[in-house]
Structure formats: structure tokens, C-alpha cells
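Index from 1, following the sequence. Nothing here was measured: the structure is a model prediction, and the numbers come from that model.
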Amino acid sequence: MTKLETITAEDLQNRTYEPTHFLVDELIPEGLHILAGAPKIGKSWLALWLCLCVSQGQPLWNFAITQGEALYLSLEDSFQRIQTRLFDLTEDAPPTLHFAIMADTLKRGLEQQIEQFLTEHSDTKLVVIDTLQHVRSAGSDSNNLYANDYHDIGILKQLADRRHIAILLIHHLRKLHDDDPMNMISGSTGLSGAADSTFVLQKSSRLANIASLHCTGRDIADRTLKLEFGEEDHVWKLLEDSKTCSSASKISTLQLTKLLSELLRADPEYLGSPSALSAKIDPDGHAQKGYPAGTGKRCGSKRKRGFSRDVPQQRQAVDFAQTCR
């Protein structure tokens with residue numbers, strides 16, 4: 001018997017941990033994630049555009065991106081179809097986005113294949129597997145469906161955690177409708193239970209261009225993004241974010257943190273009002289007057305807010321950004 005390793009609440013509070021790293025600020029942290037939707041609803045277009053955003057360092061809607069290489073396992077497509085889609089999305093395909101149309105299953109070497117790719121491409125931030133079913137072994141014991149689902153997802157989650165990347169699994173929905181979109185993910189609850197985040201893309205009708213992306217996870221706030229699919233450019237555009245209840249002109253925490261960090265590096269002893277701070281970090285006027293960088297909320301109290309050299313600038317910037325939300 002191995003003795004339990006425990007820690008007291010006091011010791012835990014006194015420990016310092018690295019903050020959760022996000023690939024897509026507020027939306028996709030490092031870890032294992034599932035994007036589910038009905039067949040041909042546009043999941044692959046969304047996943048491909050996400051890969052382009054990551055590899056090019058472009059924001060995903062209002063959400064800042066951590067730039068890096070990306071691997072897309074497009075296991076239902078040919079290279080010709082992928083090429084056609086790339087031409088539809090961009091005229092400047094980056095060399096940091098990689099594709100494969102064949103891969104082993106989880107029980108026959110997929111983990112090792114991804115590990116080898118990550119070793120050869122150490123700046124990789126995102127791996128997309130389209131679809132999950134293609135990398136699962138057939139003939140699993142139906143009597144242990146939950147255990148099998150949890151085990152399969154657990155293998156990929158451990159890989160994502162170990163290599164500090166995000167892995168996105170493309171999956172399908174069951175036909176039976178449910179008031180909770182997360183209950184419509186095909187398979188047992190072991191899939192969503194083992195994943196760090198789950199996203200469900202839903203349309204009111206197959207011919208509609210408007211869809212809802214329902215988001216939930218351990219490290220993200222529950223939200224629903226209202227999206228519109230562009231018939232000409234094949235890009236999902238953000239119409240509304242339930243968390244901000246607007247068409248979302250505000251910038252993200254990560255973007256705000258970066259702006260505040262730059263200000264602190266230039267002026268460590270800055271002292272000023274919220275409106276003066278807004279003008280400092282948003283000189284182009286993207287923010288509403290008196291509100292920092294389009295957040296729509298004032299920072300803390302109406303008193304002037306200063307910064308100290310005794311506290312790390314990045315920590316101050318994060319704390320201050322959080323008061324602006």
C-alpha cells in the first residue's frame with residue numbers, strides 16, 4: 001500500500017503555481033477539448049480556421065491567440081480537398097500549419113506519432129484530430145462504454161498536459177435532442193467528463209447560416225457564442241457573446257494585460273484616473289470614453305490607481321485587468 005500524499009489548506013494557499021496558459025484567451029486553455037456538432041455543419045471549417053489563426057498569430061474573433069505551430073489530422077479528407085479549403089480561407093498559407101490524412105489509432109501508436117511530431121516541431125501549440133472516431137479502435141466492450149470513453153480521452157489528455165499543448169477532438173452529436181446541448185455529444189458522459197472543455201456547434205436548421213457555439217469547461221466560463229457562416233469566405237464570424245451580451249467590441253483579458261504590461265514597463269510609477277489610463281493604453285480610441293480599452297466597465301473605484309515596483313508588473317497588470325471586467 002502506498003501512503004496518501006496530502007497537503008494542508010494553509011500550505012496549499014501559500015504555494016505559487018504558474019497561471020493557466022491559454023491557446024485562445026478565455027476560450028481554449030492547454031489541455032484536451034472536444035468540438036461536437038452534426039455532420040456537415042461546419043466543424044471542420046471552424047477547426048481549420050482556428051489552426052490558421054494559431055499558426056499566423058491572428059486573433060480568433062475578439063480572443064487573443066498564442067502563436068505557434070499547428071497539426072491538423074484531417075482523417076476524413078484528401079489533400080486536394082484541404083488545398084481547396086485553404087485557398088478559400090487564405091492566400092498566404094503558413095509553413096507552420098501541418099496536415100496529415102492518415103494516422104494510427106489510439107491503441108496502435110497515435111500517441112507515439114504525435115509525440116514524435118512534437119519532438120520535431122517543439123513550437124507546436126495545437127493538435128486537431130478530425131474525427132475522434134477515426135482514431136478509436138472498433139469493437140470496444142459496450143458493457144464498459146463509460147470506462148472506454150474515459151480511458152481513450154484520458155490518454156490524449158495526459159499527452160496534452162505533459163507537452164503543454166491544446167488538443168481539439170472533432171466529434172459528432174447523437175440525433176436525440178436534449179435541452180442541454182452537452183448531453184447530445186455522441187457516446188457516454190465519459191468523453192465530456194475526461195475533457196477539459198467541450199464545445200457544441202448547433203444550428204436551428206441545416207440550411208441556416210446562423211449557429212450557436214455552446215462552451216463549457218474547467219478553466220473557462222460557460223458562454224454561448226452566436227456565429228454566422230460566411231458563404232463566400234467560409235469563415236465563422238462572431239455576432240454575439242452571451243458573456244458580454246453584445247456584439248463584443250471589447251478586448252480580452254490577455255490583450256488588456258499586454259497593454260497594461262507595456263505601460264508599466266514604460267512608466268513603473270504610473271498614477272492616474274481610469275479615463276487617463278484608458279487614453280494611455282488605448283490611444284487610438286477603440287475603448288469607450290472613460291473605460292479602459294473597450295471593456296465597458298470602470299476599473300475599481302473612482303480614485304486614482306497607482307502601481308508599485310515591489311510587485312511584479314505582470315502580476316499587477318493581471319490583477320488590474322481583472323478589476324476591469
Closer than 3.5 angstrom, by distance alone: can the side chain of [X] be matched with the main-chain N or O of [Y] as a donor-acceptor pair?
X	Y	result
S122	T119	no
S242	T224	yes
T96	S55	yes
Q113	D104	yes
R174	N183	yes
K203	A208	yes
S188	G190	yes
T189	Y146	no
R136	L106	no
W61	L225	no

Under a 4.0 Å threshold between the charged nitrogen and the carboxylate oxygen, would [Y] count as salt-bridged to [X]?
X	Y	result
E115	R163	yes
D233	K237	yes
D11	R15	no

I'd like to know if [Y] and [X] are part of one continuous hydrophobic network [Ile/Leu/Val/Met/Phe/Trp/Tyr, side-chain heavy atoms within less than 4.5 Å].
X	Y	value
L89	L60	yes
L159	L168	no
L23	L46	yes
V24	V235	yes
L52	I167	no

[atom1]/[X] to [atom2]/[Y] distance, rounded to the nearest 0.5 angstrom?
X	Y	atom1	atom2	result
S197	D219	OG	CG	6.5 Å
M102	S74	CE	OG	13.0 Å
L71	I129	CG	CD1	8.5 Å
L86	F79	CG	CZ	11.5 Å
D149	I185	CG	CD1	11.0 Å
L73	F99	CG	CZ	10.5 Å

Which heavy atom of [X] sits nearest a heavy atom of [Y], and at what distance?
X	Y	value
C53	P59	SG-O, 3.8 Å
C215	L27	SG-CD1, 4.1 Å
A166	I28	CB-CG2, 4.1 Å
D92	T90	N-OG1, 3.0 Å
I41	W236	O-CZ2, 3.4 Å
P181	H214	CG-CD2, 3.6 Å

Side-chain contact test, heavy atoms from C-beta onward, threshold under 4.5 Å: evaluate it for [X] versus [Y] and give yes or no.
X	Y	value
H33	D196	yes
D161	L32	no
L126	V128	yes
D241	F63	yes
L227	L201	yes
K125	I165	no
V135	D152	no
T105	L110	no

Atom [atom1] of residue position [X] - does it have more than 12 heavy atoms of other residues, nucleotides or ligands inside 6.0 Å?
X	atom1	answer
K157	NZ	yes
H151	NE2	no
E120	CD	yes

List for me each residue that meets ring pair (Phe, Tyr, Trp, His ring centres under 6.0 Å) alongside H172, sequence neighbours excluded, and say none if there are none.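 Here no residue qualifies.
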Do L191 and L169 pass the side-chain contact (heavy atoms from CB on, under 4.5 Å) test, and can you show the C-alpha distance, the side-chain angles, and the key distance before you say yes or no? CA-CA 10 Å; L191 293 178; L169 306 176; over 6 Å; no
Could you list all the side chain to side chain donor-acceptor pair (under 3.5 Å) pairs where at least one residue sits in residues 40-54, not counting sequence neighbours?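 Counting only pairs at least two positions apart or across chains, the side chain to side chain donor-acceptor pair (under 3.5 Å) contacts touching residues 40-54 are S44-D130.
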Can you name the side chain to side chain donor-acceptor pair (under 3.5 Å) partners of H171, sequence neighbours left out?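 For H171, no residue satisfies side chain to side chain donor-acceptor pair (under 3.5 Å) once neighbours in sequence are set aside.
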Residue pair H121, H98: steps toward the ring pair (Phe, Tyr, Trp, His ring centres under 6.0 Å) verdict: CA-CA 10 Å; H121 303 271; H98 309 264; 4.4 Å; yes
Does the pair N62 and D25 meet the rule for a side-chain contact (heavy atoms from CB on, under 4.5 Å), with working shown? CA-CA 9 Å; N62 319 331; D25 188 36; over 6 Å; no
I101 and I82: side-chain contact (heavy atoms from CB on, under 4.5 Å), yes or no, with the steps? CA-CA 10 Å; I101 58 174; I82 297 171; 3.8 Å; yes
Checking R85 against D77 for the side-chain contact (heavy atoms from CB on, under 4.5 Å) test, could you report, in this order, the C-alpha distance in whole Å, the side-chain angles of both residues, the deciding distance, and whether it holds? CA-CA 11 Å; R85 291 187 173 187; D77 292 315; 4.3 Å; yes
